[in-house]
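Report on the following structure.
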Amino acid sequence: MGKCALLTQIEDGRPVSSLTLAELTSLCAELRHVIIETVGRNGGHLSPNLGVVELTAALHAVFHLPDDKIVWDVGHQCYAHKLLTGRYTAFSSLRQQGGIAGFPRTSESPCDVFNTGHASTSISVALGLLAGEHLAGNSAAACSVVAVIGDGALTGGLAYEALSCAAHLALPLIIILNDNRMSISPNVGGLSRHLSRLSMRPKYQTFRTAFDSMTLKIPLAGKALFNIVQRLKRAVKAVFYQDNFFVELGFEYVGPIDGHNLKQLTGAFADVKARTTGPRPLASPVVVHVITQKGRGYAPAEDDPGRFHSTASFLHTADDTAPAAEPAAMPWTRIFGTALAEAAREDSRICAITAAMERGTGLSLFKKEFPGRFFDAGIAEAHAVTFSAALAARGLRPVTAIYSTFIQRAIDSVIHDTAIASLPVVFALDRAGFVGGDGETHQGLFDIALLRTVPGITIMEPAVAAELPLMLHWALAQNHPCVIRYPKAEAPKPDTALSARLSVPLTPGRGVFVKGGIDFSAAANSSPTAAVCLAFTGSLLNEALETARLLNTRGADCDLYNLRFLSPLDETFFTALVSRYRVFALAEEGVGPGGLGEYAARLAADGTGRTTVVLFNAGAAFYTQGSRAELLRRAGLDGASIARRLSDILEL
C-alpha cells in the first residue's frame with residue numbers, strides 16, 4: 001500500500017464511513033504526511049491542522065457530508081477536511097494563486113458550508129444554519145449541524161453571544177469543543193467520559209424524558225420534586241465534570257474525550273448523532289469536549305506549537321525537522337517589536353496589549369522584558385481596544401497591536417471608547433495591505449477607509465525601517481489616538497542617500513520626497529522639473545521606485561513623495577503640492593472607496609483644478625490568495641502597471 005492509498009480511494013468515491021478502525025488509523029497517518037509536506041513547501045497553518053487529524057477523520061466517518069454540515073471556527077484547521085472532500089489531487093496548490101484556499105470556501109466544495117477566516121463565529125453560523133433548516137420546514141432528521149470551535153476561540157465574545165442564543169432556542173446543535181490546552185485527569189476524566197457517553201444513550205434519554213414528565217405530573221409536590229432532582233443531577237455532574245459551564249446553560253455535555261483516540265471519538269459522535277436527529281431529537285444543544293494536542297505527529301510543532309501555528313515554507317533535512325533559514329531583511333513585525341521595547345525602557349507608562357497574537361504582532365520581546373506591562377486579551381479585539389482606552393484614561397500609554405483585518409471587529413470600540421474621548425492609544429496595525437496566502441478574510445485593505453473618517457485619529461505608514469521608530473515615538477507623545485500601519489513583508493533596504501531623506505523628523509500631515517521634489521521653504525517656491533509626481537503609502541516604496549525607473553527609460557522624470565501621514569493631511573500644503581504638477585498620482589495599498597485617494601482627489605479639485613489626478617488602489621474587491629507580488633499585480637499596484645498607465649496619460 002502506498003503512502004496515500006486510502007486518500008486516493010476516498011478521492012475516487014469511497015466513503016470514510018466504510019473504513020475500519022485500523023484503516024482510519026492509517027488514513028490519519030496519510031493525512032499528516034500530506035499536510036506536513038504541503039505546508040513545508042507552501043507555508044500555512046501547521047500546528048492547528050495536525051492537532052485535529054483524528055477529530056476530522058472521526059467526524060467524516062460518522063457524519064455524512066454535505067447533507068450533514070460541519071462549520072469550522074476560523075477554518076485554519078480545515079486541511080484534513082479538504083483532503084477528505086475531493087481536494088486531495090489539487091491539495092499541492094494550497095494557498096497558491098488560483099489554488100486551494102487555506103480556509104473554508106463554499107466555491108470549492110459543497111462540504112464547505114460557510115466562508116470563514118476570523119475566530120469565534122462557528123456557533124453563530126451553525127445555529128443559523130440549523131434554525132434555517134427548521135424554518136424551511138425540514139425535519140431535524142434531515143441533517144446534523146456541527147460547530148467545531150477551539151478553546152482559544154471561546155475567548156471571543158461572539159461565541160458567548162451564540163451560546164446564550166443556542167441555549168434559548170434549544171435546537172439540537174452539536175458543538176465540538178476542541179480543547180488543546182487543558183490536560184485530562186486520568187481518574188476523573190475516565191469516569192466523566194463514561195457518564196457522558198451514558199447520557200447520550202437513547203434508553204437513558206427515553207427514561208429521562210419519561211421520568212421528568214411523570215415527576216411534573218405529581219400533584220402539589222411535582223414541580224418542587226422536579227427542581228430538586230435537577231439540582232441533584234447538576235451537583236453530581238459538578239463532581240465529575242472539569243467544567244460544568246455548559247451544563248449550567250442547559251446544554252448536554254459529553255467529555256472530555258481523548259481527541260486522538262479514534263474509537264472514543266467515533267463512538268461519542270455516533271451517540272450524539274443518534275440523539276440529535278431522528279423523530280425525537282434532544283430539545284437542547286450538545287457540547288462534545290475533545291482534548292487534542294497542537295502539532296501532533298511533527299516533533300518541532302509539538303515542542304513549539306506557537307511557532308508553527310502559521311508558518312512560511314520550511315526546508316527539510318533527512319529527519320524532516322529543519323526550518324528554513326531566517327531572511328536577511330528585517331520583517332516589519334520585528335522592527336515594531338524592537339522599537340516598542342526600546343521605547344518602554346525609557347517610559348514606564350508604556351503598556352502593550354494584543355488579542356491572542358503575541359508572536360504574530362512581535363510582542364514577545366516586550367513581554368519578556370516587561371511582563372507586568374503586557375496584556376493578552378484573548379481573541380477579543382473589541383475588549384482589547386476598550387481595555388486599552390481605559391489604561392490611557394488612567395494616564396498610561398497603551399500600544400495595542402492588532403492585525404489590520406482584525407481591527408474590523410473593534411471599530412465600535414475605536415470610535416466610541418477611544419476617539420470620542422480623544423484617548424492616547426497607539427494602534428499598531430500589522431498585516432496592513434495584501435496578505436499573501438491567507439486570502440479574502442485576511443487582506444488588510446480596509447483599515448484606511450474605516451479609520452480615516454473618524455475625527456481625531458492620526459494614521460501613519462512608514463516606508464523604511466528608520467521611519468517606524470520615529471512614528472512610534474511621535475505617536476506616544478500625542479494626546480489623541482494614533483495608528484501606525486505596516487505590511488506583512490520585509491522592510492526595504494534603501495541606499496545611504498535615500499535612507500537620509502527618509503530619516504528626517506516628522507512634520508504632522510506632511511511627507512518627504514524620495515526623489516525630486518519642491519523646496520517650499522524657498523523665498524519663491526521652486527517648481528518641479530518633473531511633469532508627474534507619484535505620492536504613495538509607505539508599503540509601496542519599492543513599487544514607486546520601479547515606476548520612476550521605468551518612466552525614466554521612456555524619457556520622463558517622476559518625482560516620488562512618501563506620504564508618511566495618511567490622515568489628517570496638511571491640506572494647505574498638500575493642495576499646493578498637487579497644483580505644481582501636470583499629473584499627480586496617488587497609490588495606496590487599500591480599497592478605493594473611502595480611501596485616501598478619494599480625499600486627495602477632492603483636495604486637488606478644491607485647488608486650481610488644472611492638475612490631472614490619477615488614483616491607484618485595490619479598488620472595490622475581495623482578493624483571493626497569492627503572493628504579495630501577485631496580488632499587487634492583480635490590483636495594478638506594481639511598478640510596471642503604474643508606469644504603463646502614467647505613460648499613457650503622459651502620451652509617452
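Positions are given from 1, in the same order as the sequence printed here. Side chains included, hydrogens not; waters and symmetry mates left out as well; all remaining heavy atoms used.
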Could you tell me whether [X] and [Y] make a salt bridge, using a distance below 4.0 angstrom between a side-chain N and a carboxylate O?
X	Y	value
R296	E302	no
R431	D447	no
K488	D430	no
R105	E440	yes
E11	R87	no
E23	R14	yes

Per the side-chain contact (heavy atoms from CB on, under 4.5 Å) rule, which among T56, N49, L31 passes with Y79? N49
Pick one: which of V146, L265, V272, I175 meets side-chain contact (heavy atoms from CB on, under 4.5 Å) with V288? V272
Is a donor on one side and an acceptor on the other found under 3.5 Å between the side chain of [X] and the backbone of [Y]?
X	Y	answer
Q77	G75	yes
H33	C4	no
E37	V34	no
S18	P15	yes
K82	A101	yes
N115	T106	yes
S47	P305	yes
T155	G152	yes
S413	A382	yes
D73	A119	no

For F387 and F375, take the angle between the two ring planes, folded into 0 to 90°, and tell me which bin it lands in: parallel under 30, tilted 30 to 60, perpendicular over 60. perpendicular
How are the rings of F246 and Y253 set to each other: parallel, tilted or perpendicular (split at 30° and 60°)? parallel
Could you state the interatomic distance from [atom1] ([X]) to [atom2] ([Y]), rounded to the nearest 0.5 Å?
X	Y	atom1	atom2	answer
C165	I123	SG	CD1	11.0 Å
S122	I149	OG	CD1	4.0 Å
I407	L450	CD1	CG	9.5 Å
K69	I174	NZ	CD1	13.0 Å
D68	S144	CG	OG	4.5 Å
L171	E133	CG	CD	11.0 Å

Which heavy-atom pair separates [X] from [Y] by the least distance, and what is that distance?
X	Y	value
Q625	G99	NE2-O, 2.8 Å
T266	A61	CG2-CB, 4.4 Å
S92	N42	O-ND2, 2.9 Å
F114	P104	O-CB, 3.6 Å
A167	L249	CB-O, 3.4 Å
L6	S26	CD1-CB, 3.7 Å

Going by distance alone, is a donor N or O of one side chain under 3.5 Å from an acceptor N or O of the other, for [X] and [Y]?
X	Y	answer
S627	R95	no
T121	T116	no
T292	H260	no
H76	D438	no

Is there side-chain contact between [X] and [Y], with at least one heavy-atom pair below 4.5 Å?
X	Y	value
I176	F269	yes
N180	Q293	no
T405	H118	yes
L177	L154	yes
Q97	T624	no
I10	L19	yes
R32	L50	yes
L631	Q443	yes

Test side-chain hydrogen bond (donor to acceptor under 3.5 Å, both in side chains) on T85 and S109 and set out the steps. CA-CA 8 Å; T85 50; S109 169; 4.5 Å; no
Passes side-chain contact (heavy atoms from CB on, under 4.5 Å), V71 versus V113? Steps please. CA-CA 7 Å; V71 181; V113 296; 3.8 Å; yes
For side-chain contact (heavy atoms from CB on, under 4.5 Å), just list the numbers for L24 and V16, CA-CA rounded to whole Å, side-chain angles, deciding distance to a tenth of an Å, and then say yes or no. CA-CA 8 Å; L24 276 178; V16 180; 3.8 Å; yes
Passes ring-ring contact (aromatic ring centres under 6.0 Å, His included), F103 versus H45? Steps please. CA-CA 10 Å; F103 294 85; H45 291 87; 5.6 Å; yes
Check the pair K263 / E54 against salt bridge (Lys or Arg N to Asp or Glu O under 4.0 Å), numbers first and verdict last. CA-CA 10 Å; K263 184 176 181 181; E54 285 82 9; over 6 Å; no
Apply ring-ring contact (aromatic ring centres under 6.0 Å, His included) to F406 and H442, showing your working. CA-CA 8 Å; F406 297 148; H442 284 63; 5.7 Å; yes
Start with the C-alpha distance between T361 and I402, add both sets of side-chain angles, then the distance that settles side-chain contact (heavy atoms from CB on, under 4.5 Å), and finish with yes or no. CA-CA 7 Å; T361 57; I402 297 177; 6.0 Å; no
Set out, in order, the CA-CA distance, both residues' side-chain angles and the distance that settles side-chain contact (heavy atoms from CB on, under 4.5 Å) for H289 and V254, then state yes or no. CA-CA 6 Å; H289 187 175; V254 180; over 6 Å; no
